[in-house]
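The analysis underlying the following values was restricted to heavy atoms, covering all of them including side chains, and did not include hydrogens, waters or symmetry mates.
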Amino acid sequence: MSRDIQLKERWNELVEQLSNQFADGDPLELDAIIYLVGVQELGQYHRKYKKDDKLDLMHIAICRLLEPYGYYEFSHFDEERWPHYTIKEELPPLKAGEQSVLMKEAIVSYFLEKEYIA
């Protein structure tokens, strides 16, 4: 099976599972899934987040998701237990479609690693 077909199938499976678990079956968009990764990485599930916190959670997620690709490296946890990352390598300029594929690939890899999907 080609890599693109496998990615698409795994992505669809992941969206369906997450949507059923967190959105009563309404399909989650990419940004919502990135947000969920941020919450997972922070580990503070049962609190309300302000708008700025939500943006920070998405930043944490993007750093964590792109860490295996060599773009970011975990640095430390701050006094509130928020993870911080340093940039190891600048992301190359990507078209919107390429950016979307990279993030979907990174998200699928993340959830495979966490054994949420097979």
Task: Parallel, tilted or perpendicular: rings of Tyr85 and Phe74 (30°, 60°) - done: perpendicular
TODO: State, with a plain yes or no, whether a side-chain heavy atom of Leu42 is found less than 4.5 Å away from one of Tyr49.
DONE: yes
Task: Short N-O contact, Asp53 and Lys48, less than 4.0 angstrom - done: no
- [ ] Side-chain contact test, heavy atoms from C-beta onward, threshold under 4.5 Å: evaluate it for Val101 versus Leu7 and give yes or no.
- [x] yes
Task: Side chains of Arg47 and Gln44, donor plus acceptor under 3.5 Å - done: yes
Task: CG-NZ distance between Leu57 and Lys50, expressed to the nearest 0.5 angstrom - done: 12.5 Å
Open item on the list: Can you tell me which residue among Leu65, Val15, Leu112 is in a side-chain contact (heavy atoms from CB on, under 4.5 Å) with Ile107?
Closed with: Leu65
Open item on the list: Within the structure provided, determine whether Glu13 and Gln17 are in side-chain contact (heavy-atom separation under 4.5 Å).
Closed with: yes
Open item on the list: Apply side-chain hydrogen bond (donor to acceptor under 3.5 Å, both in side chains) to residues Gln40 and Tyr35 and explain how you reach the verdict.
Closed with: CA-CA 9 Å; Gln40 170 72 24; Tyr35 170 76; over 6 Å; no
- [ ] For the residue pair Gln21 and Tyr116, confirm or rule out a side-chain donor-acceptor distance under 3.5 Å.
- [x] yes
- [ ] May I ask you to decide whether Lys88 forms a salt bridge with Glu67, counting only side-chain N to carboxylate O separations under 4.0 Å?
- [x] no
Open item on the list: Count I, L, V, M, F, W, Y as connected when their side-chain heavy atoms are under 4.5 Å apart, and connections chain through other members. Are Leu30 and Leu94 then in the same cluster?
Closed with: yes
Task: More than 12 heavy atoms of other groups within 6.0 Å of Glu113 CD - done: yes
Open item on the list: Measuring from atom NE2 of His76 to atom CZ of Arg81, what distance do you get when rounded to the nearest 0.5 angstrom?
Closed with: 10.5 Å
Open item on the list: Could you report the tightest heavy-atom contact between Arg10 and Ile117, atom names first, then the distance?
Closed with: O-CD1, 4.2 Å
Task: Distance (rounded to the nearest 0.5 Å) between Ile5 CD1 and Lys8 NZ - done: 9.0 Å
Task: SB check Lys104 Glu98 (cutoff 4.0 Å) - done: no
Open item on the list: Using 0.5 Å steps for rounding, measure from the CD1 atom of Ile60 to the CD atom of Glu41.
Closed with: 8.5 Å
Task: Note, Ile33 side chain near Trp11 side chain (heavy atom, < 4.5 Å) - done: yes
Open item on the list: Measuring only between side-chain heavy atoms, which start at C-beta, is Leu66 closer than 4.5 Å to Met103?
Closed with: yes
TODO: Decide yes or no on side chain to side chain contact (heavy atoms under 4.5 Å, CB included) for Tyr69 and Leu102, but give the supporting numbers first.
DONE: CA-CA 10 Å; Tyr69 294 82; Leu102 174 62; 3.9 Å; yes
Open item on the list: Would you say that more than 12 heavy atoms from the other residues, nucleotides or ligands in this model lie under 6.0 Å from the NZ of Lys51, or not?
Closed with: no
Task: Nearest-0.5 Å distance, CG of residue Asp78 to NE2 of residue His84 - done: 3.5 Å
Task: Over all atoms of both residues, closest heavy-atom pair of Gly25 and Asn20 - done: CA-OD1, 3.4 Å
Task: Leu28 backbone acceptor or donor facing Ser19 side chain under 3.5 Å - done: yes
- [ ] Hey, could you give me the OH/CD distance between Tyr72 and Glu89, rounded to the nearest 0.5 Å?
- [x] 11.0 Å
TODO: List the steps, then state whether side chain to side chain contact (heavy atoms under 4.5 Å, CB included) holds for Leu36 with Phe22.
DONE: CA-CA 9 Å; Leu36 288 174; Phe22 294 103; 3.8 Å; yes
